[in-house]
Amino acid sequence: MTLTQNAPSVAEKTTAPVAAPRSLPSVKTVVIAASAYLIAFVFLFPYLVMILTALRPQGELRQATYLPQRFEWSNFTNFWTGGLAQNLGVTLQVAAGSTVLVLLVALPAAYYTARHDFKGRTAFMILVLITQMFQPTAMLVGIYREFFQFGLVDSVWALILVNGGFNLAFAVWILNAYFSSIPRELEEAAFIDGNGRFGALFRVTLPLAMPGVVTALIFTFIAAWNEFVVALTLTTTPGNQPLTVALNSFIGQYQVDWQNLFAGSVIATIPVIILFALIERKVVGGLTAGSIK
């Protein structure tokens, strides 16, 4: 065997993979990314200020500095020792109860109006839309008198019923639009496979309408979570008041307890953030779930 046979050929040397040079992002991409970060910072900056103010001691509230010199973590512990934990529990009960009530009523109403062309359907949907225009503030006297007659003043059930009633119209409209966009042929295919009306609804239609369900859920939960005027009118006992009303106690006539007010506000936003984190993944999954067997 000669030396020339063992040596690699020129073609073999040139076939070695060569890493392609990495291209730099375009100016348009950089501008869009920078704009996105700037907009995110603008929206997140008030929350950052709220967190930093919640960590300031009493003596540093009037100082023109962004970062506190000493972090006062007791502002958050005072939230639990001061009895506001009970108010947070009331808010969770009202928001969760109102959301469940709205979904239990809105789902069958929206499904029926989307699948049946009954007489007066258009008038019914217009009436539902009109009820969305009424605000609880304009009917406080009537709401209070009605719940006073039923003995439900200063109770969690009154807040659940009011918040559920005023958020029902939006949920019906949203779910009706999603149910109407789902082809009826999918339900007919489910009927052929041996499913009944409820089987086709829960196995095919409802999973496909999950984005609408999530939208109605989030809207109702946040609206009930942030409600203030009706809760202030219908509740008098401090332990039965939701957190929005209880936080108002830090605002006095001559002085505002800013650090505890902001600490409570930070804690009040945490359940909403957790809700978004848990539900966000289910939105994309609901787009295709149930369309195949």
Side-chain angles (χ1 to χ4, degrees), residues 78-110 124 127-175 216-257 260-272 274-275:
N78 292 336
F79 179 89
W80 306 103
T81 58
L84 291 179
Q86 182 177 357
N87 302 110
L88 178 62
V90 172
T91 304
L92 286 171
Q93 294 178 29
V94 172
S98 302
T99 304
V100 172
L101 178 62
V102 166
L103 292 180
L104 287 177
V105 178
L107 280 172
F124 173 78
L127 181 62
V128 171
L129 182 61
I130 291 175
T131 58
Q132 184 68 20
M133 301 178 183
F134 295 99
Q135 296 298 321
T137 309
M139 297 182 290
L140 278 178
V141 176
I143 291 175
Y144 183 86
R145 292 185 61 182
E146 182 176 357
F147 284 104
F148 180 80
Q149 294 293 333
F150 287 98
L152 294 176
V153 175
D154 200 20
S155 66
V156 177
W157 289 107
L159 301 180
I160 292 176
L161 291 174
V162 171
N163 286 283
F166 280 99
N167 291 288
L168 181 61
F170 176 83
V172 171
W173 266 94
I174 288 293
L175 294 174
L217 187 151
I218 291 176
F219 180 87
T220 304
F221 187 90
I222 294 179
W225 185 272
N226 296 328
E227 205 284 319
F228 173 76
V229 177
V230 175
L232 180 64
T233 305
L234 294 181
T235 56
T236 55
T237 305
N240 295 336
Q241 293 175 340
L243 191 58
T244 52
V245 180
L247 289 177
N248 192 50
S249 61
F250 291 118
I251 303 176
Q253 184 177 1
Y254 302 104
Q255 183 178 348
V256 179
D257 194 357
N260 289 324
L261 176 63
F262 278 91
S265 302
V266 172
I267 296 176
T269 58
I270 293 178
V272 180
I274 294 176
L275 176 66

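- Judged as a side-chain contact (heavy atoms from CB on, under 4.5 Å), and not counting sequence neighbours, Ala96 has no contacts.
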Determine whether Glu227 and Val229 satisfy the following criterion, side chain to side chain contact (heavy atoms under 4.5 Å, CB included), listing intermediate values before the conclusion. CA-CA 6 Å; Glu227 205 284 319; Val229 177; 4.1 Å; yes

For the pair Leu247 and Leu261, evaluate side chain to side chain contact (heavy atoms under 4.5 Å, CB included) and give the outcome as yes or no after the intermediate values. CA-CA 6 Å; Leu247 289 177; Leu261 176 63; 4.1 Å; yes

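- Here the side chains of Phe219 and Ile174 are not in contact, with every heavy-atom distance at 4.5 Å or above.
- Smallest separation of non-hydrogen atoms from Val172 and Ala109: CG2-CB, 4.5 Å.
- For the atom pair Asn248 CG and Leu243 CG, the distance stands at 11.0 Å (nearest 0.5 Å).
- Using modelled atom types, one side-chain atom of Asn87 and one backbone atom of Pro238 make a donor-acceptor pair closer than 3.5 Å.
- Checking Asn240 against Thr235 by side-chain atom types alone, no donor-acceptor pair falls below 3.5 Å.
- No donor-acceptor distance shorter than 3.5 angstrom exists from the side chain of Ser98 to the backbone of Asn163, with no hydrogens or angles considered.
- Leu152 CG to Glu146 CD: the interatomic distance, rounded to the nearest 0.5 Å, is 9.5 Å.
- The closest side-chain heavy-atom distance from Tyr144 to Leu140 is not below 4.5 Å.
- For the pair Trp225 (side chain) and Ala268 (backbone), a donor-acceptor distance under 3.5 Å is present.
- Between Leu234 and Val153, the closest heavy-atom pair is O-CG1, 3.5 Å.
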